[in-house]
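We name chains A, B, ... by the order of the sequence lines, and we start the count at 1 in each one.
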Amino acid sequence: MPGIQMYSVVRVGDMGLVGEVIRIEGEDVFIQVYEDTSGIRPGEPVEDTGTPLVAELGPGLLSSIYDGTERPLVILKQEGDYVVRGISAPALDRKKKWKFRPTVKKGDELDKGAIIGEVKEFNIIHRVMLPPTIGGKVEKIDEGEFTVEEIVAVVNGKSLTMMQKWPVRIPRPVRQKQDPNIPLVTGMRILDALFPLAKGGTAAIPGGFGTGKTVTQQSLAKFCDADIIIYVGCGERGNEMADVLHEFPELEDPRTGKPLMQRTVLIANTSNMPVAAREASVYLGATLGEYYRDMGYDVALMADSTSRWAEALREMSSRLGEMPGEEGYPAYLSSRVAQFYERAGRVKTLTGNDGSLTMIGAVSPPGGDFSEPVTQNTLRVVKVFWALDKRLAQRRHFPAISWLNSYSLYTEEVADWWVKGVNPQTTILRDWASGLLQKENELQEIVQLVGPDALPDREKVILMVGRILREDFLQQNAFTDDAFASPQKQIRMLEVVKAFNTYAMQMLEEGKSAGDLQVHDAVPRIARLKEKMGDEFEKEATLIVGMVV
Amino acid sequence: MAFIKEFQTVSEIKGPLLFVEGVEGAGYDELVRIRTADGDLTGKVLDARKGMAVVQVFEGTFGVSKQARVRFTGDVVRLGVGSDMVGRVFDGLGRPIDGGLQPKPEEKLEITGAALNPVSRSVPQDFIQTGVSTIDVMNTLVRGQKLPIFSGSGLPHNKLAVQIARQATVKGTEGFNVIFGAMGITSEEAKFFIREFERTGAIEHSTLFLNLADDPAIERLMTPRMALTAAEYLAYEQGMHILVILTDLTNYCEALREISAAREEIPGRRGYPGYMYTDLATLYERAGRVHGRTGSITQMPFLTMPNDDMTHPIPDLTGYITEGQVVLSRALHRRGIYPPINPLPSLSRLMNQGIGEGKTRDDHYGVSNQLYAFYAEGMDLRNLVAIVGEAALGAKDRQILKFANDFEDRFIRQGFHENRSVEVSLDIAWDLFSEVPETELKKIKTQFIERHLKQKGKTDGSEGNSK
C-alpha cells in the first residue's frame, strides 16, 4: 500500500472493520483492528480512509456515552444488545437542530480558534469555536437553528459548521500554560484537607483490586467542582458502567440542581470489548476534555484504569514482535504515559480565556505492588499520589487512602485559596493533623511490641486523638450525605478535634488520666459529628467546642 | 460461507498446534476438522496468513501424523442450544455423555459471544440469599453479579459450591437453573457434584459441561465458553435465571499458558500470556442482566490460588475483573470452621445495590460495616496478644478480642445443611453486638441500635424477670 501513512484509519475486509496503521515495513502495512477479527481471511480488501483517528467535536457530546472510538453506544443499541462488528454511527446526532447565536459579526477579524457563537447544551453554554488551524475575516455568519452539518459561518473563505474534527492523538493547542493554584474541591476530607489536587493538575490513584479505586473515581465524578466531567471506563467492568449510567441521570449536580449526567461524557470500553479501542479511549477522553477546556471551562477527566490502557499497549506491542521492556511492556511506555498526562493543565486558551483540564488516573498494579512499571512511570509525572491501602480497605476504612504514603505537590500552591477563602487557620490545622497522624503511627509500632498499657498517659492521648482523626475525620462514607463535605465543614471538623486535643493535654497536666478522657462525653459526639449537615452541624460543633474549654 | 476445502499438507506438529501449508483463505477462529487414522478431531484456526494456517487441536495431537487430512469448515465453533439441554450432562465440547441423544438444537450460537453493549446492561440489584451468613450479610451476592471463590488446595470449596447451588434463591421467586462448567477437575470431584445434584433433585434444573483432569487440556479453553453460551441462551431467550458455576479457573489458565508457550509468544508474569486479562474478561463479563429481558446470568467461578497466594496472576487478574471475591482461609479451616470464609479480604462490590430496606433489612449496611471493623480490630489484637500477652490489654480490647472469637464460632461457622435466612444471620450479629459497649457501635445509626439492641435488651430482661 504505497503512500499510506502511520496512524491512518483503514477499513478492513468485507465487513469494513475499523483499524489503524501501526507499522509500515517495506510493502507490508501492519493494522491494528478495533474489533474482533474472527473470520477475516487473507485476500479480503483493505481501504485507506486517508485520515487519522479523529474525534467529532460539537454540541451533543454532553450526556453521551461512547466506546473507545467515539461510536455512540445508545445508538448502537438500536442494532441489538451486543456490540456487533462492523456497525458504526456518527458520534454527533446529524438530525438534531441547535439554536446558534453568533457572538461575532460579519467583517470581524478573528484569531485562530476564536469563539464565534453560542449554543445551549443543557445548562452549559457551548461556545462554538473556529478550528485551531483557522482564523481570519468573518465573511458570513448566521443566527438560527442548524444541525451540526449545516454551514453557520464563512471565515477566510472556509465554510464552517458547528462541528469540528480533531485527531485524538494530538493535543489541542493553547496560548500558554498557567500555574495551577486553585484547588479542585472534591468534598473528600482526606483529599481536600491533606492531599489537595489543583484544577489543571494530575493525580494517580494506584491500588490493588477491592481497595476502592472505582468508588473514589466515581465520587470525584459526582462531587468535584469541575464544570465538565469526562469519565473514561477503560477496560473495566460492564456492570460498573451500567451502574454509572443508571445513577448519574438521577443524581443532582450539587451546584446546579440538574442531573449530573448533563455535565458528563462517558467513554465505556469494557474489558471484553476490543483491546485496540481501549488503547484509543484515553486519547479520545483527553481530546473531548481539551475541547471543553478551550471554551473556558474547568474539565476533570477520570481514567479508570490506565493500567488497562498500558496493557493494551503491551498486547499490541507483543503482537508486533517488538523487543519488550520491563515486565513485557514496550520500551516507550514511560514516554506515552508522560505525553498523556502532559495534556492536563490550567491554560490561557487561544482566545485568552482561562480553562483547565485536570486528569485523574486510576492504576491497577498487579498484586497491589506499587513497584511495577505502570505505577512507577505514572508517579514520575503526576503531582498527586493517592495511595490506596489494602489493609485499610479490609477493615472497611474508606476511602482507603493511606495518610502516610500519599502526597500532593500542590499543597503550597493552593494554600492561599484556603487561607483567604475558607479559614485563615487552614495551614496550621492541616500541619497539626498530619503531624499527629505521623506521631500516632510511630507510637503504634511501639504498641505492637509492648502493648498499649505500657505507654505514658500523654502518648495514650496521642493514640486516642489519632484514632479520632482516622475514624471520625478521614473515614467518609461514599453512600451517605457525608460523601460530600464542604471546605468549611472540613476545616471546622479539624478545629473541633484540635480543640479536644488541647483540652485533653491540659487535663492531663491537671491530674486527669487518659482513661478519664476516653470516657469524656465529647468523644461519642465527635464520632457522630460528620453525620450532621448544615445548621445542625454548626450547632453541634459549637456545642462540642464548648464542652472542651 | 461457501469455502470448504480439505488439505493434506501438515508441515509441522508442535504440542497442540498443527501447521498446515498451502492454505489460502482460512479465516481466523475458523472451525477445523482433522481426519486421522484413529478418528476425527476438531480444532480452530489460531493464525491465518498467506499460504499457512496454524490450527489448535482441542483434543491434543496424540496420534496425528503429517498425513492427517485437515478440512476447513468455513464456520466458527458453535454450540447447538435448546431448552431441552436442562437436566443433561455434556463433555467439555458440548457432546452428551449421559447416554442420551444430542438435544435438538433450536439455534446454533457462536461460542465466543459478543460484548454486551454497556448501555444494554441493567444494574444487578436483586438480593440472592445463599443461606451462608458471611456471604449474605458481609459479601452479598446479587443477581447478574460475578463473584469468584478464591480457594486453596485442600479447602472445602466444592462443598461450598454445592451448598450455594442448593440454597440460592431470590425472595419471592423460584430458584436458579444451574449451569456447571468443570475444567480439569478429577472424576472423583465430578462424581461428588453429580451425586449431590442428584440427591437434592437439583440435577433436574442443571446442565453440566464436564472436562475432567484426563480430558485434553486444550479442550478446557472451550468448556467455559460452551457453558456460557448455553447460559446466555437459557437466560436471555428462555427467560431463566441462571447460576453459572465454573471450576477450576486455575486449570483453564494453565491451558492458556500451554497454548501461548506452544505459539512462542512473549510471556507476561509467571509465563502467563500478556492477554490473559482480556481473555478472562471475555468469560467473566458474560455475567449480567439485560434491559427488557427477563433472565439473568450470575457467575460463581472457583479457582485455587497456587500456594494460597492472592497476588498470583490468576486470582489477581480475576479480582480486577469480577465484582469482588470470596476468600477461603486455611487458618479457619484448620480450626475446624466451615465454611472457612475469611471476610476481611472478601468483598462484594455490588452489595450496596442489593441490601437495605425493602431488599434485606434496613440495619444491614451498618451491621456489616460494624462486623468488619470489630473483626479487623480483633485480628490485630490477636496478633498483639501473641507478643505481649492478654494481660497487657485494656478491658475494652479484651471485649473486642472475645468478639472476634465468638464471631468466628457463631457467625462464620455453620452447617453444610444449615440454610440461614438473612434475618437470622443479622440477628446473630446483634447477639454478638450485645456483648460490646454500645458506644463502640460507631458504624451503625443510632435508630437501629435503639431498635435492635435496646428492644432485645428489654425482652431479655423481661424473660429474666419471669424466670
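- In this structure, the portion of A/L449 lying under 4.5 Å from any heavy atom of chain B is its backbone and not its side chain.
- The choice from A/R85, A/E44, A/E327, A/R278 that makes the most heavy-atom pairs within less than 4.5 Å of chain B is A/R278.
- Residue A/R396 touches chain B through both its backbone and its side chain, counting heavy-atom pairs closer than 4.5 Å.
- B/E285 and A/T270 form no side-chain donor-acceptor contact under 3.5 Å, judged by distance and modelled atom types alone.
- Of the atoms belonging to A/E236, heavy atoms from both backbone and side chain fall under 4.5 Å from chain B.
- If you measure heavy-atom distances from A/R528 to chain B, the contacts under 4.5 Å come from the side chain alone.
- For the 3.5 Å distance criterion, the side chains of B/Q145 and A/N239 fail to qualify, holding no donor opposite an acceptor.
- The closest side-chain heavy-atom distance from A/L245 to B/V119 is below 4.5 Å.
- Ranking A/G233, A/S364, A/G212, A/G451 against chain B, the residue ahead of the rest is A/S364, based on heavy-atom pairs under 4.5 Å.
- Within a 6.0 Å sphere centred on CZ of B/R382, other residues, nucleotides and ligands contribute more than 12 heavy atoms.
- The parts of A/P366 that come within reach of chain B are both its backbone and its side chain, each placing non-hydrogen atoms under 4.5 angstrom from that chain.
- The two residues B/A26 and A/P42 have their closest heavy-atom pair at O-CD, 3.3 Å.
- The candidate with the highest count of non-hydrogen atom pairs below 4.5 Å against chain B, out of A/N272, A/V84, A/D243, is A/N272.
- We find that A/R395 and B/D380 are joined by a salt bridge, their nearest charged nitrogen and carboxylate oxygen being less than 4.0 Å apart.
- For a residue to count as touching a neighbouring chain, one of its non-hydrogen atoms must lie under 4.5 Å from one of that chain's; by this rule A/P72 does not touch chain B.
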Task: Chi angles and distances behind the side-chain contact (heavy atoms from CB on, under 4.5 Å) call for A/Y82, B/N117 - done: CA-CA 5 Å; A/Y82 292 93; B/N117 186 332; over 6 Å; no
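- Between A/L73 and B/S120 there is no side-chain heavy-atom pair separated by less than 4.5 Å.
- Ion pairing between a basic and an acidic side chain is recognised when a charged N comes within 4.0 Å of a carboxylate O; B/R293 and A/D81 show such pairing.
- For residues 268-276 of chain B, a heavy-atom distance under 4.5 Å to chain A picks out B/R269, B/G274, B/Y275, given by residue number.
- For chain B, the nearby part of A/I65 is the side chain; its heavy atoms alone come within less than 4.5 Å.
- Contact annotation: the side chain of B/Y365 approaches that of A/N477 to within less than 4.5 Å [non-hydrogen atoms, C-beta and beyond].
- The part of A/D472 that comes within reach of chain B is its side chain, from C-beta onward, which places non-hydrogen atoms under 4.5 angstrom from that chain.
- Contact annotation: the side chain of B/M310 approaches that of A/K390 to within less than 4.5 Å [non-hydrogen atoms, C-beta and beyond].
- We find that A/R41 and B/E30 are joined by a salt bridge, their nearest charged nitrogen and carboxylate oxygen being less than 4.0 Å apart.
- Looking at A/D67, there are no atoms closer than 4.5 Å to chain B (heavy atoms on both sides), in backbone or side chain.
- Between B/E377 and A/R467, at least one side-chain N (NZ, or NE/NH1/NH2) sits under 4.0 Å from a carboxylate O, which counts as a salt bridge.
- Checking A/R308 against B/Y277 by side-chain atom types alone, a donor-acceptor pair falls below 3.5 Å.
- No other option in A/Q448, A/R314, A/H397, A/Q518 has as many heavy-atom pairs under 4.5 Å with chain B as A/Q448.
- Contacts between A/E322 and chain B at a heavy-atom distance below 4.5 Å involve the backbone alone (N, CA, C, O).
- Between A/M241 and B/P118, the closest heavy-atom pair is CB-CB, 4.1 Å.
- For the pair B/K442 and A/E471, the salt-bridge criterion is met [side-chain N within less than 4.0 Å of a carboxylate O].
- Put simply, the side chain of B/K443 reaches to within 4.5 Å of the side chain of A/Q475, judged on heavy atoms.
- Interface remark: A/V83 contributes backbone and side-chain atoms alike to the contact with chain B (heavy atom separation under 4.5 Å).
- In terms of the ring-ring contact (aromatic ring centres under 6.0 Å, His included) criterion, residue partners of B/Y375 (sequence neighbours excluded) are, by chain and number, B/F407.
- For chain A, the option among B/T282, B/L116, B/T446, B/D29 with the highest count of heavy-atom pairs below 4.5 Å is B/L116.
- Residue contact with chain A, scored on non-hydrogen atoms closer than 4.5 Å, involves the side chain of B/R349 exclusively.
- Across every non-hydrogen atom of B/T278 and A/S271, the tightest pair is CG2-O, 4.0 Å.
- In this structure, chain A has no heavy atom under 4.5 Å from any part of B/E264.
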